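Predicted model, so just to flag it, every value in this text is computed and none were measured.
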Amino acid sequence: MAILLTPYIIFGRATDRNGTALSGVTVSLYNENSGETITTITDASGDYVFDCANFPSGWADGDVLTISIAGIDEDWIILTPSFAHVARS
């Protein structure tokens, strides 16, 4: 059985400084190497998920990625990203 490694999954939660979840806000993931951006919307808990395989030109180790939220005063936002490398058989 072969195990295929997929690109990284980036997930996290968007909250304000008081820890209140920010639902329905757009979170962007920008690949500085390719100039491409993918976006998602936070759910009711403020959670967001990105699959780097969704970049049009793909994703490679060493790519520099930036996460941001638009339209909200960034001094009040806390993004808590985590990373996972998912293996599929």
Checklist entry - Which atom pair, heavy atoms only, marks the closest approach of Ser34 to Ser57? => result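 It is CB-OG, 3.7 Å.
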
Next on the checklist: Please give me the minimum heavy-atom distance between Ala14 and Ile69, naming the atom from each residue.
Outcome noted: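 That closest heavy-atom pairing would be CB-CD1, 3.8 Å.
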
Can you tell me if [X] uses its side chain to pair, donor with acceptor, with the backbone of [Y] under 3.5 Å?
X     : Y     : answer
Asn33 : Val64 : yes
Thr42 : Gly24 : yes
Asp43 : Ser45 : yes
Asn31 : Gly35 : no
Ser28 : Thr39 : no

Checklist entry - Given Cys52 and Ile10, is the side chain to side chain contact (heavy atoms under 4.5 Å, CB included) satisfied, shown in steps? => result CA-CA 8 Å; Cys52 291; Ile10 299 174; 3.9 Å; yes

Item to check | Tyr48-Tyr30 co-clustered via ILVMFWY side chain contacts under 4.5 Å | outcome: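 Different hydrophobic clusters.
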
Item to check | Any Thr40 side-chain heavy atom under 4.5 Å of Phe50 side chain | outcome: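 A side-chain contact under 4.5 Å exists here.
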
Next on the checklist: Is the shortest side-chain heavy-atom distance between Val49 and Ile9 below 4.5 Å?
Outcome noted: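 Side chain of Val49 against side chain of Ile9, heavy atoms only: contact under 4.5 Å found.
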
Item to check | CG on Asn54 to CD1 on Ile38, rounded to 0.5 Å | outcome: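 If we round to the nearest 0.5 Å, Ile38:CD1 and Asn54:CG are 5.5 Å apart.
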
Checklist entry - At what distance, to the nearest 0.5 angstrom, does CG of Asp47 lie from CG of Leu22? => result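 It comes to 11.0 Å.
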
Checklist entry - Under the criterion side-chain contact (heavy atoms from CB on, under 4.5 Å), which of Asp63, Thr37, Leu65 is the partner of Phe55? => result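 Passing option: Leu65.
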
